[in-house]
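Predicted model only: the values in this text are computed from it and were never measured. So that the names make sense, note that chain A is the first sequence line, chain B the second, and so on, each numbered from 1.
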Number of protein chains: 2
Amino acid sequence: MTERKRRKPGETRDKLMEAALTLVGKGRHFASLGIREVTRQAGVVPTSFYRHFRNMDDLGLQLVDELGLVLRRMMRDARANVLQAEKLMAESVAIFIRHVQDNRSFFVFMAQGLAGESRAVQEGIRSELRFFASELANDLRRLRLVDHLNDADLDLTCDLVVRTVAFSLTDLISVSADDDYQIDQIRQRTTRYLQLIFVGAAHWQTGD
Amino acid sequence: MTERKRRKPGETRDKLMEAALTLVGKGRHFASLGIREVTRQAGVVPTSFYRHFRNMDDLGLQLVDELGLVLRRMMRDARANVLQAEKLMAESVAIFIRHVQDNRSFFVFMAQGLAGESRAVQEGIRSELRFFASELANDLRRLRLVDHLNDADLDLTCDLVVRTVAFSLTDLISVSADDDYQIDQIRQRTTRYLQLIFVGAAHWQTGD
DNA sequence: CCTCCATGTGTACAGTTGTTCACTTGATGT
DNA sequence: ACATCAAGTGAACAACTGTACACATGGAGG
């Protein structure tokens, strides 16, 4: 039994997580989902749920872990494709929006979870955002675009950027997924928010 | 029947709305509340609910209306007490945080509703925030602190300010209501976000 | 080949849910 | 003084909920 991983790609477990995400994507709030509802959506008998999760909060926590992977993929995508410094923000926002469209349910879950019912899920998402902001700070340091900022002020700026982009989620989920015009409006507006922030960062003097 | 207002201060209706807020304040998510649960908390028989609301979404909408009043009170408070221009942001954030502490449940409800289950509630809250941002723009115009910005750019700035402050709600609700140290940290950080934004606004050139 | 055990199934039960209906009550406008 | 009607009550219902238990199964390790 040296290798304790009997499971093939844990079909049912994945089906249950996908089912929860599907329901969230259909407009339901995660906090209002029940075990029976999720198992029904997954095409599985209710008792199976307990083979993989203790309760809905537990499932939520494991969704947060997968959300982390989604965010990391997005970061890698951005690092690989944001080439010209002068279009940095426009391109980053475009990549963000593309990933939101490709993983809508995940990001809706994230937006819900920030003010959700489970403390643990809340904290998990907040910690993902903190990590994202710190990675962003590293990248900016490496690109040497913000040399006049000390570490604390750079962190402040990156936090604000991440928050601003995260708040745009609430805009994105309030328009239908195929309303290209509105989505483009949100993209432009978010880009300008970031530009405003970076103009601020460029003229920021550490002592207030 | 020229005056159709028989109701004395609609006791039960208010009790129901307060009960929902109380449950939200205790950590429950609005989307997971049921009619029976709310009536139980209000000390009222379940059928009474239907005398005042069609369903939980309806109650949510009426809560949004009251939330509007809370926000307007806060605005009035800010206008009356923010005296010195150079402390404008620090004082405004302080007033915001004080009102959040005095109406915790309302603001938790607002944070939840932004990514909530009911489209109508979502839109209601978003519209309150838009209104708030436009009032803020008016005030800033009157104070003539941002004369170099055209209307569109001033709106952009105020939107960003409101979003930033709104996002701080998720920080505030994640710390216990009497953890003065953490709350003060959030206050300072939010203030610096706003300062960063206004430094950006001060150096903003309309054509990008 | 046999045994084990993680995974999945079917049945069952008590508690809760939303909503209905017929009933009481008490303040109101005339 | 009286009729009216919004507001509140209590009992009832079928549908659904979370969870427990005993059982089936099939692939892995010996």
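Separating the CG atom of A:Leu16 from the C1' atom of C:dT7 is a distance of 12 Å, rounded to the nearest angstrom. C:dT17 atom P lies 17 Å from atom CG of B:Asn55, rounded to whole Å. Rounded to whole Å, atom P of C:dG18 lies 13 Å from atom CG of B:Asp57. With rounding to whole Å, B:Gln41 atom CD is found 16 Å from C:dT16 atom P. Atom P of nucleotide D:dA7 and atom NZ of B:Lys15 are separated by 14 Å, given to the nearest angstrom. With rounding to whole Å, A:Arg36 atom CZ is found 13 Å from C:dG10 atom P. The separation between B:Glu37 atom CD and C:dG18 atom P is 8 Å, rounded to whole Å. Counting to the nearest Å, the P atom of D:dA20 and the CZ atom of A:Arg54 are 13 Å from each other.
When atom types are taken as modelled, the side chain of B:Glu117 and the backbone of A:His29 share a donor-acceptor pair closer than 3.5 angstrom.
Closest approach to the B:Thr47 side chain among C:dC23, C:dA12, C:dT20 is made by C:dT20 (side chain taken as heavy atoms from C-beta onward). When distances are taken from the side chain of A:Arg51 to each of C:dT17, D:dC23, C:dA12, the shortest belongs to D:dC23.
There is a side-chain donor-acceptor pair under 3.5 Å between B:Thr190 and B:Ser168.
Considering only side-chain N and O atoms, A:Arg40 lies under 4.0 angstrom from the phosphate OP1 or OP2 of D:dT17. The phosphate of C:dT7 (OP1 or OP2) has no side-chain N or O of A:Ser48 nearer than 4.0 angstrom. OP1 or OP2 of C:dG8 sits under 4.0 Å from a side-chain N or O of A:His52.
With hydrogens and angles left out, the side chain of A:Arg13 and the base of C:dT7 share no donor-acceptor pair within 3.5 Å.
The minimum heavy-atom distance between B:Leu172 and B:Arg104, with the atom names listed, is O-NH2, 3.0 Å.
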Query - Audit row: A:Asp102, A:Arg73, salt bridge (charged side-chain N to carboxylate O under 4.0 Å, His left out) steps and yes/no - result: CA-CA 12 Å; A:Asp102 290 349; A:Arg73 270 202 298 277; over 6 Å; no
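A:Tyr50 comes within 4.0 angstrom of a nucleotide base, judged by non-hydrogen atoms across all strands.
The existence of a salt bridge linking A:Glu135 and A:Arg79 is confirmed by a sub-4.0 Å separation between a basic side-chain nitrogen and an acidic carboxylate oxygen.
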